[in-house]
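What follows is a short report on a single structure.
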Amino acid sequence: MYLKKKKLGLLEALANLKKDTTGQPLIAVVVYFLLFTVLLSSGLFTSRLNIHLGDPSPQLITAPWTKDIEDYEKYKSDQDAAAQAVKPVYTPDEDYLSGVAKDLSKAFVALNEAVNSSDDASTIIARLRQTLPFGGLTDGVLKNLIGASPQLLDEKEKIATQIIIGDARGSDTGAHNSNEVTTLRDSMKQDIDKAALTGDFKIFLQAFVDTRITQPTLIVDEHATEQLRQSARASVKLEVHSYKAGQKIVGPGEIVDESVMRVLTAYGLVKTLSPWRTVTGIALVVLISMFTMILYARQYRRHTPQLLPKMLLMGLSITLVLVIGKGILALNLGGSQFNALAGILIPTAWATMTIAILIDPETALLSSMIIAVFVGILADPIVATSYGLQIAIISLFSGVVGVFSVSRLSQRSDLARASLSISVINVISVSAIALTSGMGFTAWLVGVLLGIVNGLSSSVLTVGTLHWFEAAFHITSAIRLLELSNPNRPLLKRLLVEAPGTYHHSVLVGNLAEAAAEEVEADAVLVRVGAMYHDIGKLKRPYFFIENQFAQDNPHDKIAPTLSALIITSHIKDGLEMAKEEKLPQAIQDIIAQHHGDSIVSFFYHKAVEDNPETPEETFHYEGPRPQTKETALVMLADSVEAAVRSMKQATPGRIEGLVRKIIKDKLNNDQLNQSDLTFRDLDKIADAFLRVLTGIFHSRVEYPEFPTKIKNAVPVIADAAEDAEKVEETSPKADEVKAGKEAKEAKEAEKEKEAKEPQA
């Protein structure tokens with residue numbers, strides 16, 4: 001029923017619950033109450049006997065029916081032992097040995113050139129020392145080497161290659177690790193010493209071995225080794241213990257060891273005391289927590305847009321954390337001491353960061369406290385040890401730090417820094433618990449590693465799920481808005497190229513609205529981005545809007561006022577169509593649709609009345625609706641103020657302030673702000689914020705004087721150019737038209753300023 005075309009499953013179904021349906025919030029409360037209670041108490045219904053590992057059995061326990069019980073733990077340990085007993089398979093390191101062979105060949109090539117050279121001995125020796133390993137040999141040895149017979153060098157090279165490369169490649173003679181490299185070199189030297197070579201060649205080759213054989217020549221063949229290990233594992237047989245019905249499992253007073261507990265668990269006989277009392281207590285904790293959330297929402301978030309979807313998102317985030325926590329607590333980390341630390345991995349910060357980004361930090365702080373309580377119960381439902389309290393403390397601090405880390409999120413890289421903050425606080429929390437509980441060093445080290453993994457995974461989960469939560473619950477995060485504000489976005493790029501006047505108007509509107517939003521505690525990022533897109537509908541007919549008419553005729557002078565009004569008002573509908581095509585967030589679409597409310601296009605209405613006093617006013621109204629939020633109202637006011645102030649002549653600070661306050665007053669008197677939750681105090685703050693920005697834009701400038709006579713004489717080129725420009729302007733055939741146009745424009749501006757009409761743009 002609630003699934004959209006994107007078919008986002010449960011997320012979409014939960015997100016599409018409507019706020020105006022009174023039964024749905026109650027259904028959501030009941031569903032989440034049952035989910036939380038079941039998840040927190042599910043571990044209490046797994047067995048039937050009150051017996052614990054290491055305790056004496058209180059009674060004789062026999063097998064209720066015939067059953068074959070496989071010892072999977074021993075089977076796994078035997079498999080691991082068999083795999084570990086397999087010796088690695090080694091293969092020659094071909095990359096390294098090919099380099100050794102090349103160096104040996106280079107040495108013989110250099111020696112061959114030296115033997116055949118006609119230069120004097122000192123020159124030959126100096127040149128020969130530049131090649132490995134001749135640099136470390138004495139002059140006497142080198143003289144003997146260059147005096148060798150050229151015909152025997154190839155044979156000696158073959159002997160050297162067989163000894164050095166042959167020993168290095170041998171599975172028995174090669175070096176398997178760094179410790180065996182020295183042994184390999186000694187073996188090669190012995191083989192060289194036994195070879196049919198002269199003493200000088202032996203010295204030369206032994207020096208080569210010392211300088212070039214410096215690392216293991218054999219490497220592990222992982223594929224072949226793993227095949228042998230798999231074969232070893234497969235050879236291990238699973239031990240099966242057959243129990244007959246009525247056969248004794250453990251007698252009264254006998255210690256329940258691991259093998260006995262394994263049999264009892266296989267039969268499903270192990271049980272705590274009656275769980276219903278504990279379940280009732282857990283249900284009460286869940287009830288208190290949900291009541292706290294509902295009370296907070298009604299008291300402090302009553303007027304929050306999309307309140308029900310946001311509360312559903314918070315509940316879903318908590319549910320997912322508990323589901324992941326159940327899986328994490330079931331992990332086997334290699335011993336009860338380490339298994340007790342698994343709860344550190346529960347990603348509480350993921351839920352709190354998501355709530356902080358998509359809802360608000362205050363709600364996320366409340367969520368972090370509730371999740372910490374739930375995680376503590378999840379880890380230890382019967383509160384038998386301090387384990388649950390320890391996990392709850394770590395969960396609480398990581399969740400709170402996660403909220404603070406993203407409370408001023410401006411880009412996705414901030415989430416990476418948030419992961420570091422969470423990891424640090426996890427390490428500190430684990431260390432504090434280790435000091436107070438006497439935790440061993442190994443357990444502390446494991447806990448620290450798990451805390452770091454928790455911080456990193458929380459950030460990764462947040463990045464990975466943020467888009468899906470935004471899409472499913474139709475909530476727009478600050479990150480999404482910042483992405484939309486990129487000037488290279490298709491619509492903004494088109495606006496800059498096709499309607500530059502509108503683009504710059506939108507930028508100034510964004511500056512005004514953002515400054516005001518910070519004063520009245522509205523969403524400044526949403527206001528700025530919404531202002532950038534609020535007039536995208538003008539792209540359909542950019543030259544029908546005066547800010548885009550650069551030295552061109554006004555097309556409205558040639559059409560009827562009713563048609564002009566229709567064109568002006570249609571930019572709302574056109575903008576919405578473009579926004580939907582680009583899949584802009586609903587909050588941006590609302591700003592586009594509401595930034596003119598249902599106000600009147602006064603300029604063309606008065607123009608039509610001049611032609612026909614009986615002209616109906618309804619034809620010249622925007623379709624609305626009126627602004628429903630503070631953000632949309634701010635864009636409306638900034639839009640009107642920016643256009644009006646831009647059209648002012650002699651914009652002094654006093655005249656700007658009067659015009660700004662008059663426009664705000666007119667919007668208020670025309671009921672354009674009565675659905676936006678803005679107060680009179682807010683309107684005063686908005687006016688002050690507008691004035692601060694506008695004063696910076698329309699500041700006074702120094703009037704440059706004309707060139708004095710001396711300067712004109714000193715700079716004749718400039719003076720002549722200025723005079724020529726004046727003459728051209730005066731003698732231009734359109735000078736009279738321009739002058740008349742200026743006078744007409746000034747008259748219109750004076751009339752508009754006098755009547756404080758809203759500008760057509």
Side-chain angles (χ1 to χ4, degrees), residues 18-20 297-308 310 509-510 512-524 526-528 530-531 533-535 537 565 568-569 571-573 575-576 586-603 605-606 616-645 657-691 755-761:
K18 302 298 182 180
K19 290 197 297 184
D20 57 353
R298 291 181 59 84
Q299 187 74 20
Y300 299 103
R301 294 292 181 267
R302 177 187 293 271
H303 302 294
T304 300
Q306 297 177 294
L307 178 60
L308 181 58
K310 289 179 178 179
V509 170
L512 290 168
E514 183 180 29
E518 293 173 351
E519 294 294 327
V520 299
E521 298 182 356
D523 190 337
L526 174 59
V527 165
R528 170 173 282 280
Y533 286 90
H534 80 286
D535 272 345
I568 295 298
T569 56
H571 83 274
I572 301 294
K573 182 183 68 174
L576 282 175
Q586 186 60 45
I588 303 296
Q589 295 185 32
D590 291 340
I591 289 176
I592 295 172
Q594 301 169 20
H595 77 275
H596 279 296
D598 57 2
S599 59
I600 188 173
V601 187
S602 57
F603 180 85
Y605 173 65
H606 286 287
E617 182 180 316
E618 293 77 11
T619 310
F620 295 85
H621 276 276
Y622 287 95
E623 295 182 0
R626 297 172 184 176
Q628 305 294 306
T629 63
K630 286 183 178 181
E631 290 77 14
T632 307
L634 290 174
V635 174
M636 166 187 272
L637 294 174
D639 184 32
S640 299
V641 166
E642 195 280 333
V645 174
E657 180 175 2
L659 181 59
V660 168
R661 295 191 181 278
K662 187 176 188 308
I663 289 174
I664 294 176
K665 182 179 178 182
D666 289 344
K667 294 295 183 185
L668 180 64
N669 293 338
N670 291 332
D671 297 329
Q672 296 301 311
L673 306 177
N674 59 358
Q675 300 176 15
S676 63
D677 295 331
L678 288 175
T679 64
F680 288 113
R681 184 184 297 272
D682 290 338
L683 295 178
D684 187 60
K685 292 180 180 179
I686 292 168
D688 292 338
F690 285 171
L691 290 173
E755 299 179 4
K757 297 176 182 178
E758 179 179 311
Q760 60 179 330

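Predicted model, so just to flag it, every value in this text is computed and none were measured. We're numbering straight along the sequence, starting at 1.
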If every non-hydrogen atom of Pro627 is compared with every non-hydrogen atom of Gly597, which pair is closest and at what distance?
-> CD-CA, 4.2 Å

Partner residues of Asp598 under the salt bridge (Lys or Arg N to Asp or Glu O under 4.0 Å) criterion, sequence neighbours left out | Arg626

Within-4.5 Å side-chain heavy-atom neighbours: Asp677 and Thr629 = no

Ala522 to Leu634 - nearest heavy-atom pair and separation | CB-CD1, 3.9 Å

Can you find a heavy atom in the side chain of Asp682 that is under 4.5 Å from one in the side chain of Lys630?
-> yes

Give every residue pair that meets the side chain to side chain donor-acceptor pair (under 3.5 Å) criterion with at least one member in residues 514-523, sequence neighbours excluded.
-> Glu514-Arg528, Glu519-Arg692

Not counting sequence neighbours, which residues clear side-chain contact (heavy atoms from CB on, under 4.5 Å) with Glu623? List them please.
-> none

For Leu673, what residues pass the side-chain contact (heavy atoms from CB on, under 4.5 Å) criterion, not counting sequence neighbours?
-> Ala633, Met636, Leu637, Lys667, Leu668, Ser676, Leu683

Return the minimal non-hydrogen interatomic distance between Phe620 and Ala565, and the atom names on each side.
-> CD2-CB, 3.4 Å

Tell me, please, which residues at least two apart from Phe690 pass ring-ring contact (aromatic ring centres under 6.0 Å, His included).
-> none

For residues Ile572 and Ile592, report the shortest heavy-atom separation together with the two atoms involved.
-> CD1-O, 3.5 Å

By side-chain contact (heavy atoms from CB on, under 4.5 Å), Ala515 pairs with (sequence neighbours left out) Ala689, Val693

Residue list, side-chain contact (heavy atoms from CB on, under 4.5 Å) with Asp590, at least two apart or on another chain = Gln586, Gln594

Closest non-hydrogen atom pair, Leu659 against Val645 = CD2-N, 3.9 Å

Please report the closest heavy-atom contact between Val601 and Tyr622, naming both atoms and the distance.
-> CG2-CE1, 3.7 Å

Quick one: does Asp535's side chain get under 4.5 Å of Asp639's, heavy atoms only?
-> yes

Can you check whether Asn669 reaches Lys665 side chain to side chain, under 4.5 Å on heavy atoms?
-> yes

For Glu657, which residues count as a salt bridge (Lys or Arg N to Asp or Glu O under 4.0 Å) partner, sequence neighbours excluded?
-> Arg661

If the plane angle is over 60° it's perpendicular, under 30° parallel, otherwise tilted; pick one for His571 and His596.
-> perpendicular

To the nearest 0.5 Å, how far apart are CD in Gln672 and CG in Leu678?
-> 12.5 Å

